[in-house]
*Asks:* 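Below are the structure tokens for one structure; questions will follow.
Naming: A, B, ... by sequence-line order, numbering from 1 per chain.
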2 protein chains.
Amino acid sequence: MKVSDNLEVAKNANLQLNYYQKEDQVLLAVDCIIFGFDKKDLKILLIKRNFEPEKGKWSLIGGFLKKNENLDQAAVRVLKTLTGLSDIYMEQLYTYSKVDRDPGQRTISVCYYALIDVDAHNFDGIQIDSASWIELKNAPELIFDHDEMVQKAIARLRRKAMTNPIGFELLPEKFTMRQLQNLYESILDKKLDKRNFINKINSLDVLVKLDEKDMTVSRKGAYLYIFDKEKYEKKVEEDGFNFKI
Amino acid sequence: MKVSDNLEVAKNANLQLNYYQKEDQVLLAVDCIIFGFDKKDLKILLIKRNFEPEKGKWSLIGGFLKKNENLDQAAVRVLKTLTGLSDIYMEQLYTYSKVDRDPGQRTISVCYYALIDVDAHNFDGIQIDSASWIELKNAPELIFDHDEMVQKAIARLRRKAMTNPIGFELLPEKFTMRQLQNLYESILDKKLDKRNFINKINSLDVLVKLDEKDMTVSRKGAYLYIFDKEKYEKKVEEDGFNFKI
DNA sequence: ATTTATAGTGTTTAAAAGACACTTATAAAG
DNA sequence: CTTTATAAGTGTCTTTTAAACACTATAAAT
């Protein structure tokens, strides 16, 4: 008895239970672009694959959707399993489906991106030795269509960071104006005018300036700020406020 | 011999061929939100399901991904099969995956939206009697998570139409300024100032004003315009031009 | 010739974005 | 203690873009 016959038997028996007959099933992968910001540079977390196919090459982290979870949960699980991190900003990006995108097996990949404050989370939790933070600019070639995914994630991050307060997810809770500006300069990949940037940010009126200073950055030190999420949400709700940089 | 046993045998035999062992497979559906613009109103194409589950209820059109095609191709095929239309603007929107979203069977749905000029395409091609163009504002409740999909599609269309020349996909090749304004008013669901709108559009400098007039709209008649796609693309390439309404 | 319905047309004001340079606070060095 | 070095902090003017606003023009129908 051949494998295919056996599958047919199983399928046919199973189908009595289902409405959608004879449709093809596929493997659903979840791949994650993990962005981190480290003082001056935007980085992504990559791994050197220690399994086939494409063993030894650089890749995004990923996993497979399980029957009893939705995609958001799968993305959270993948991130948690491989980095130990939880309670992280994640967002679905796009679904990739080229027929031969994965030479191992027909696989569709739903891509997510995550934003992490590299400093605040100690990375003892990283479950894989082969994972490294790599500057976006120096990123190596990745397997499959992962480069395409990263490009789309950067475009999304760029757009989204200009219209939503997600940049703060990449910063420590307390940050200086210069850090915030550095972050936006990294995301947009261009220099911004310091005075215009600060005026802009202040006009949004969603930061709280602390008395505390960060003395590591200069002789003079720089005041620390925090993002006032409650205030932001209240403004959105009450005045239809639009975060816009 | 139970079905599950049989499946296990088949699976195990099969796995020698595959890299990714013991991962769950799922059904991948493709659902389409089809937008049409009919003189004054933004509409979507809906069907009354004549099959289980949820037979008799309103739904988006959809189908299932096949082994030998990617998602874009599946979306094109679904649209073609059910409406006879091809060469239509389509774009992937989002992937929906709630565990119990489809009571029939565990199904993940990748959602697309399409933009159609209702007038230009004669709908003799429509393959299903049960399909109807329904004004967005009067749309009935849809099955599963289809309402959520439509909401997201509207949001996407709104954003995208403000920053890309996709609105023209919803209009006849030749259109009046008023039609274009009506379209944007429908998409944004708010009134726009006629003079400001025309000034804005003219400043973009991507329309060609024809000598021809549409005499059906008023005694005076209204000049017809066409979108100059070549000019637009040249501007984008050469000057980094940004379509922005 | 008059009516009627919609097309077509500019200017002024307000708001937002962009360009631009000097002073200040503090720690470290001497 | 004085000097020095370093990045922080701060405002104004100009340009561009968005928004408010109302009358005239055209052609068909009567």
Side-chain angles (χ1 to χ4, degrees), chain A residues 39-41 158-159 161-163 171-172 174-226 235 239-245, chain B residues 39-40 158-159 161-163 171-172 174-186 188-226 235 239-245:
Chain A
K39 317 280 185 210
K40 290 279 286 186
D41 298 306
R158 238 167 232 172
R159 180 172 60 70
M162 295 307 279
T163 53
L171 292 174
K174 300 175 182 180
F175 51 86
T176 67
M177 276 289 178
R178 171 58 67 175
Q179 279 177 285
L180 187 60
Q181 184 178 343
N182 285 340
L183 171 65
Y184 273 89
E185 289 183 344
S186 298
I187 290 174
L188 301 175
D189 194 24
K190 74 172 178 194
K191 288 278 164 224
L192 301 173
D193 179 85
K194 179 167 57 162
R195 283 161 295 184
N196 289 341
F197 183 79
I198 291 174
N199 289 342
K200 186 80 205 189
I201 295 293
N202 283 334
S203 77
L204 295 175
D205 188 30
V206 290
L207 297 192
V208 176
K209 184 178 186 170
L210 305 178
D211 285 331
E212 215 174 328
K213 276 188 167 186
D214 176 353
M215 296 309 294
T216 67
V217 289
S218 76
R219 301 287 148 79
K220 187 180 178 182
Y223 281 104
L224 289 166
Y225 292 77
I226 53 175
K235 283 171 76 113
D239 321 335
F241 169 69
N242 254 319
F243 185 94
K244 179 84 203 312
I245 291 184
Chain B
K39 317 278 188 213
K40 291 278 287 184
R158 238 165 232 174
R159 181 170 60 71
M162 296 307 277
T163 53
L171 291 175
K174 300 175 181 181
F175 51 86
T176 67
M177 275 290 177
R178 172 58 67 175
Q179 280 178 283
L180 186 61
Q181 185 179 341
N182 284 340
L183 171 64
Y184 272 89
E185 289 183 345
S186 298
L188 301 176
D189 194 25
K190 70 172 180 193
K191 290 279 166 224
L192 302 173
D193 178 85
K194 178 165 58 160
R195 285 161 293 184
N196 289 342
F197 183 79
I198 292 175
N199 289 342
K200 186 82 205 187
I201 295 292
N202 284 333
S203 76
L204 295 176
D205 188 30
V206 291
L207 297 192
V208 176
K209 183 177 189 169
L210 305 177
D211 285 333
E212 217 174 324
K213 275 188 167 186
D214 177 352
M215 296 310 293
T216 67
V217 289
S218 76
R219 303 287 149 77
K220 185 180 177 180
Y223 281 104
L224 290 165
Y225 292 78
I226 53 174
K235 282 171 74 115
D239 321 334
F241 169 69
N242 254 320
F243 185 94
K244 179 83 205 310
I245 289 183

*Asks:* Using whole Å, report how far NZ of B:Lys190 lies from P of D:dA20.
*Replies:* 9 Å
*Asks:* If you compare all heavy atoms of A:Lys213 against all heavy atoms of A:Lys220, which two are closest, and at what distance to 0.1 Å?
*Replies:*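 Answer, listing the atom of A:Lys213 first, then A:Lys220: NZ-O, 3.2 Å.
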*Asks:* Please report, rounded to the nearest Å, how far the C1' atom of D:dA27 is from the CG atom of B:Asp214.
*Replies:* 14 Å
*Asks:* Please report the distance, rounded to the nearest Å, between CG in B:Asn202 and C1' in D:dT17.
*Replies:* 16 Å
*Asks:* Would you say B:Leu188 and B:Met162 make side-chain contact, with heavy atoms under 4.5 Å?
*Replies:*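 B:Leu188 vs B:Met162: side chains touch.
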*Asks:* Rounded off to whole Å, could you give me the CD-to-P distance for the A:Glu212 and D:dA8 pair?
*Replies:* 17 Å
*Asks:* Would you indicate whether A:Lys39, at its atom NZ, is surrounded by more than 12 heavy atoms from other residues, nucleotides or ligands within a distance under 6.0 Å?
*Replies:* no
*Asks:* What residues form a salt bridge (charged side-chain N to carboxylate O under 4.0 Å, His left out) with B:Lys191, not counting sequence neighbours?
*Replies:* B:Glu185
*Asks:* Between the protein and nucleotides 24-30 of chain C, which nitrogen or oxygen pairs are less than 3.5 angstrom apart?
*Replies:*
residue: C:dT24; atom: O2; partner: A:Lys220; partner atom: NZ; Å: 3.0

*Asks:* So which atom in A:Lys244 and which in A:Leu204 form the shortest heavy-atom distance, rounded to 0.1 Å?
*Replies:* O-CD2, 3.8 Å
*Asks:* Can you name the side-chain hydrogen bond (donor to acceptor under 3.5 Å, both in side chains) partners of A:Asp41, sequence neighbours left out?
*Replies:*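 For A:Asp41, no residue satisfies side-chain hydrogen bond (donor to acceptor under 3.5 Å, both in side chains) once neighbours in sequence are set aside.
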*Asks:* Tell me, please, which residues at least two apart from B:Lys209 pass side chain to side chain contact (heavy atoms under 4.5 Å, CB included).
*Replies:*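 Residues passing side chain to side chain contact (heavy atoms under 4.5 Å, CB included) with B:Lys209: B:Tyr223, B:Tyr225.
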*Asks:* Quickly work out the A:Phe197 CZ to D:dG11 C1' distance and round it to whole Å.
*Replies:*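 About 18 Å, once rounded to whole Å.
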*Asks:* Protein within reach of the bases, or only the backbone? For nucleotides 10-20 of chain C, mark each nucleotide 5' to 3' as B, S or -, using heavy atoms under 4.0 Å.
*Replies:* B------SBBB
*Asks:* In whole angstroms, how far is the P atom of D:dA8 from the CD1 atom of A:Ile201?
*Replies:*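 Atom CD1 in A:Ile201 sits about 15 Å away from atom P in D:dA8.
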*Asks:* Rounded to the nearest Å, what distance is computed from the CD1 atom of residue B:Ile198 to the P atom of nucleotide D:dC21?
*Replies:*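 Spelled out: CD1 on B:Ile198 to P on D:dC21 is 18 Å.
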*Asks:* Could you give the CE-to-C1' distance, from B:Met162 to D:dA18, as a whole number of Å?
*Replies:* 12 Å
*Asks:* Please list, chain by chain and in numerical order, all residues satisfying ring pair (Phe, Tyr, Trp, His ring centres under 6.0 Å) with A:Phe175, sequence neighbours excluded.
*Replies:* A:Phe168
*Asks:* If you compare all heavy atoms of B:Asp214 against all heavy atoms of B:Thr216, which two are closest, and at what distance to 0.1 Å?
*Replies:*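 Heavy atoms of B:Asp214 and B:Thr216 come nearest at OD1-OG1, 2.6 Å.
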